[in-house]
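Beneath this line is the structure, given in structure tokens, with notes to follow.
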Amino acid sequence: MASLKDIQDRIKSTGKTKQITKAMEMVSASKLSRAEENAKRYASYSNKIQEVIANIATNSTDVTHPMLERREVKKTGYIIVTADSGLAGAYNSNVLRKLHQTVQERHTSTEQYTVIAIGRMGVDFCRKQKMHVADTVVGLQDQPKYAEIKEIASNAVQLYEDEEIDELVIIYNEFVSAISQVVQINTLVPISNIDSVKATSTYEYEPDEEQILKVLLPQYAESLIYGALLQAKASEHAARMTAMKSATDNADELIDELTLSFNRARQAAITQEITEIVGGAAALE
């Protein structure tokens with residue numbers, strides 16, 4: 001049985017751990033509020049640019065663009081969005097597991113795919129698994145700006161336009177609520193989901209639809225990447241907040257159990273001392 005000092009030391013160390021996890025929970029909760037607001041606000045822009053593209057593509061039969069046309073898939077590009085650190089529950093592992101399963105199911109060699117890894121956890125995983133990595137991004141801010149990811153987004157889209165890859169897929173955590181995040185795997189290009197978009201406005205184009213489409217399609221694909229990143233950041237803060245709350249609750253339970261053990265051990269020690277005193281007194285009589 002542990003001594004009273006050992007139990008006291010464990011109570012103190014667990015209490016310090018609880019202070020850290022509680023602080024991390026509060027920090028994540030603060031960041032989550034702003035990240036959720038950013039993700040919802042950006043969705044309005046993404047929906048509007050999608051509406052414009054859908055209006056051009058569906059109403060102009062003679063307008064074509066390589067990003068709207070499917071071709072035989074010989075090589076796939078995957079963008080994965082993870083965090084730079086752990087302590088976020090299953091946030092990182094869910095994305096990495098989805099990537100690994102998809103690669104195992106769809107490809108037989110590393111020449112058939114390449115990965116663009118956003119987040120240190122994803123970068124380290126791909127390197128350990130010896131996956132081909134085309135580009136990496138680490139150290140993004142908790143509230144990322146579009147300028148931070150514009151280069152990697154445009155480079156990813158350029159890989160498709162240069163026919164180095166035949167499709168571009170993104171895997172990330174979509175924010176549902178503070179306690180729920182769902183792994184999504186979406187095809188960014190070729191763009192194929194615009195037929196279901198309903199236009200709410202009438203548009204006039206200058207100079208012409210084809211020129212506008214040529215400019216908007218790459219921007220739209222980049223906007224999807226940025227939107228997914230905002231969703232992923234909100235999910236990261238939510239997952240870390242939940243994980244730290246769970247850790248804090250576990251610390252509370254452990255402290256209660258240790259306190260009970262300490263009280264029992266102290267009571268046993270007191271009983272032992274009383275028994276020894278009574279036994280000594282009886283021996284003197």
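Basis for what follows: all heavy atoms, side chains included, without hydrogens, waters or symmetry-related copies.
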For Ile118 against Leu229, the heavy-atom pair lying closest together: CG2-CD1, 4.2 Å

With a 6.0 Å cut-off (strictly less than), is the heavy-atom count around CD of Gln267, excluding the residue itself, greater than 12? no

Flag the pair Ser3 / Gln8 as yes when at least one side-chain heavy-atom distance between them is below 4.5 Å, and no otherwise. no

Is it true that Asp124 and Arg120 have a side-chain N and a carboxylate O under 4.0 angstrom from each other? no

Nearest-0.5 Å distance, OH of residue Tyr226 to OH of residue Tyr42: 7.0 Å

If you take the centroid of each ring, where Trp contributes its six-membered ring, are Tyr91 and His237 closer together than 6.0 Å? no

Return the minimal non-hydrogen interatomic distance between Ala228 and Ile170, and the atom names on each side. CB-CD1, 3.5 Å

Minimum heavy-atom distance Ile225-Ala156, with the two atoms named: CD1-CB, 4.5 Å

Are Val169 and Asn186 close enough that some pair of their side-chain heavy atoms sits under 4.5 Å apart? no

Met131 side chain reached by Thr110 side chain, heavy atoms, under 4.5 Å: no

Heavy-atom closest contact (Ala88 atom, Ala239 atom, distance): O-CB, 3.4 Å

Electrostatic pair Lys233-Glu236, nearest N-O below 4.0 angstrom: yes

List the atom of Ser223, the atom of Ile49, and the distance in Å for their closest heavy-atom pair. OG-CG2, 4.2 Å

Determine whether Leu4 and Phe262 make a side-chain contact, defined as any pair of heavy atoms from C-beta on separated by less than 4.5 Å. yes

Do we see a donor-acceptor contact under 3.5 Å between the side chains of Gln231 and Glu174? no

Does Asn94 reach the main-chain N or O of Val183 with its side chain, forming a donor-acceptor pair under 3.5 Å? no

Would the distance check show the side chain of Asn92 and the main-chain N or O of Gly119 forming a donor-acceptor pair, the cut-off being under 3.5 Å? no

Is the shortest heavy-atom distance from the side chain of Thr114 to the side chain of Ile165 under 4.5 Å? yes

Out of curiosity, Ile185 CD1 to Thr102 OG1, how far, rounded to the nearest 0.5 Å? 4.0 Å

Residues Arg71 and Tyr160: closest non-hydrogen pair is NH2-O, 2.7 Å

Could you check Ile171 against Val81 for side chain to side chain contact (heavy atoms under 4.5 Å, CB included), going step by step and ending with a plain yes or no? CA-CA 6 Å; Ile171 305 175; Val81 185; over 6 Å; no

Please report, to 0.1 Å, the donor-acceptor pairs under 3.5 Å made by any side chain of residues 28-35, with sequence neighbours excluded.
| unit_1 | atom_1 | unit_2 | atom_2 | d |
| --- | --- | --- | --- | --- |
| Ser28 | OG | Met24 | O | 3.1 |
| Lys31 | NZ | Asp142 | OD2 | 2.6 |

When rounded to the nearest 0.5 angstrom, what distance separates SG in Cys126 from CD1 in Ile80? 4.0 Å

Between Lys75 and Asp166, is the closest basic N to carboxylate O distance under 4.0 Å? no

Can any side-chain N or O of Arg10 pair as donor or acceptor with the backbone N or O of Lys5 at less than 3.5 Å? no

Any donor-acceptor pair under 3.5 Å from Ser180 side chain to Val176 backbone: no

I'd like to know if Arg106 and Glu167 make a salt bridge, using a cut-off of under 4.0 Å between side-chain N and carboxylate O. yes

Quick one: pull up OH in Tyr220 and NZ in Lys48 and give me the separation to the nearest 0.5 Å. 13.5 Å

Which distance, rounded to the nearest 0.5 Å, do you find between the CD1 of Ile79 and the CD1 of Ile116? 4.5 Å

Do the side chain of Ser235 and the main chain of Asn173 share a donor and acceptor less than 3.5 angstrom apart? yes

For a quick check under 3.5 Å, do Thr108 and Gln112 share a side-chain donor-acceptor pair by atom type? yes

State, yes or no, whether a side-chain contact exists between Met244 and Leu87 at a heavy-atom distance under 4.5 Å. yes

Do side-chain atoms of Glu148 reach the backbone of Lys145 as a donor and acceptor pair under 3.5 angstrom? yes

Rounded to the nearest 0.5 Å, how far apart are OG of Ser46 and CZ of Arg41? 14.5 Å

Are the side chains of Lys18 and Asp252 in contact, using a 4.5 Å heavy-atom criterion? yes

Measure the shortest side-chain to side-chain distance between Leu258 and Thr14 over non-hydrogen atoms and say whether it is less than 4.5 angstrom. yes

